[in-house]
S.K.: 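First the structure, which I've put down as structure tokens, then a few questions once you've had a look.
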Amino acid sequence: MPILKTIANTLTIFRFIIGFIIASIGNIQRKLGLKNAILWLILAWITDVLDGYLARTSKMPEDFIGKHDIYADMTVSAGVLYFLTISNFISWKFTLIFVITAVFLIWYFKEKAVTDGIQAVPYALIIYTSLKYDPSYGYLIIAYLLFLIFITWPRFPKEKVPEFINGIRNIFKK
């Protein structure tokens with residue numbers, strides 16, 4: 001079903017663009033853009049779930065965009081980190097140290113589990129920030145994440161958790 005694969009690829013590309021939109025919200029709205037950044041982040045996460053589902057459903061082989069899906073994910077995470085930094089929710093010093101450390105870890109370990117862990121830091125920071133400055137949006141993020149675990153439950157504990165754990169094991173084997 002090529003149409004499903006095309007839609008999946010379009011969603012992946014859109015998620016890549018969303019990373020830049022979230023960063024732009026920081027440039028334009030600063031702290032006042034927190035709600036908008038969160039809504040765009042949730043939309044990015046929705047596209048991530050949908051593109052994976054559609055790509056698997058299409059039964060077509062993984063293509064260039066599918067193989068590089070992680071770059072769209074990392075762009076969203078970087079957009080969130082930039083938003084939090086430019087809006088003065090977190091310090092430039094923290095961001096600089098985090099980015100240098102992240103680049104080194106990705107380069108050295110070359111494991112998806114490392115990129116997953118690195119992505120989690122800006123997401124945890126925006127959840128914390130939203131709970132502190134606008135709790136209703138913080139709870140919205142948490143509700144979405146719980147909903148996501150619920151709808152992906154058969155796949156989550158059988159594939160995602162073991163994949164992450166095996167990636168961590170591979171790191172310690174090096």
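Worth knowing before you read on, the calculation uses all heavy atoms, side chains too, and leaves out hydrogens, waters and symmetry mates. The first residue in the sequence is number 1, and the count goes up from there.
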S.K.: Please identify which of these residues, T6, N9, L11, meets the side-chain contact (heavy atoms from CB on, under 4.5 Å) condition with L54.
M.R.: L11
S.K.: Quick one: do L125 and F89 satisfy side-chain contact (heavy atoms from CB on, under 4.5 Å)? Show the steps, please.
M.R.: CA-CA 9 Å; L125 289 170; F89 286 118; over 6 Å; no
S.K.: Show every side-chain hydrogen bond (donor to acceptor under 3.5 Å, both in side chains) that has at least one partner inside residues 113-124, sequence neighbours left out.
M.R.: K112-D116
S.K.: To the nearest 0.5 Å, how far apart are NZ in K35 and OH in Y133?
M.R.: 15.0 Å
S.K.: Of L84, I22, I90, which is the lone residue that meets side-chain contact (heavy atoms from CB on, under 4.5 Å) with I126?
M.R.: L84
S.K.: Go through the steps for W45 and L148 under the test side-chain contact (heavy atoms from CB on, under 4.5 Å), then give the verdict.
M.R.: CA-CA 9 Å; W45 287 343; L148 181 62; 5.6 Å; no
S.K.: Where is the tightest heavy-atom contact between P122 and F98, given as atom of each residue plus distance?
M.R.: CD-CZ, 4.1 Å
S.K.: Whether the side chain of S77 engages the backbone of D73 through a donor-acceptor N/O pair (distance < 3.5 Å, no angle test) should be reported.
M.R.: no
S.K.: What's the shortest heavy-atom distance between L81 and T85, and which atoms?
M.R.: O-OG1, 2.8 Å
S.K.: May I ask whether W40 and F20 are part of the same hydrophobic cluster, defined by side-chain heavy atoms of I, L, V, M, F, W, Y residues being less than 4.5 angstrom apart, directly or through others?
M.R.: no
S.K.: Do you reckon I70 sits in the same ILVMFWY cluster as I13, going by side-chain contacts under 4.5 Å, direct or chained?
M.R.: yes
S.K.: Output the distance between atom CZ (R56) and atom CG (D51), rounded to the nearest 0.5 Å.
M.R.: 8.5 Å
S.K.: Please determine whether side-chain contact (heavy atoms from CB on, under 4.5 Å) holds for the pair N88 and R30, giving the CA-CA distance in whole Å, both sets of side-chain angles, and the decisive distance to 0.1 Å.
M.R.: CA-CA 8 Å; N88 291 317; R30 305 283 191 209; 5.9 Å; no
S.K.: Are I97 and Y108 linked, directly or through intermediate hydrophobic residues, by side-chain heavy-atom contacts shorter than 4.5 Å (ILVMFWY only)?
M.R.: no
S.K.: Name the residue from L41, I38, L140 that meets the side-chain contact (heavy atoms from CB on, under 4.5 Å) definition with S130.
M.R.: I38
S.K.: If you count every heavy atom of other residues, nucleotides or ligands that lies below 6.0 Å from F94 atom CZ, does the total exceed 12?
M.R.: yes
S.K.: Describe, in one word, how the ring planes of H68 and Y71 are oriented to each other, choosing from parallel (under 30°), tilted (30 to 60°) and perpendicular (over 60°).
M.R.: parallel
S.K.: Identify the heavy atoms of I106 and V114 that sit nearest to each other, and give their distance.
M.R.: N-CG1, 4.0 Å
S.K.: Side-chain heavy atoms under 4.5 angstrom apart, residues restricted to Ile, Leu, Val, Met, Phe, Trp, Tyr: same cluster for I28 and F83?
M.R.: no
S.K.: To the closest 0.5 Å, what do you measure between CD1 (I18) and OG1 (T75)?
M.R.: 11.0 Å
S.K.: Between OH of Y144 and CZ of F150, what distance do you get to the nearest 0.5 Å?
M.R.: 14.0 Å
S.K.: For F147, what residues pass the ring-ring contact (aromatic ring centres under 6.0 Å, His included) criterion, not counting sequence neighbours?
M.R.: none
S.K.: Measure the spacing between CG of L50 and CZ of F14 and express it to the nearest 0.5 Å.
M.R.: 11.5 Å
S.K.: If you group Ile, Leu, Val, Met, Phe, Trp and Tyr by side-chain heavy-atom gaps below 4.5 Å, do Y128 and I118 land in one group?
M.R.: no
S.K.: Check the angle between the aromatic planes of W92 and Y82 and answer parallel, tilted or perpendicular using the 30° and 60° thresholds.
M.R.: perpendicular
S.K.: Nearest 0.5 Å please: distance from the CG atom of D69 over to the CZ atom of R15.
M.R.: 4.5 Å
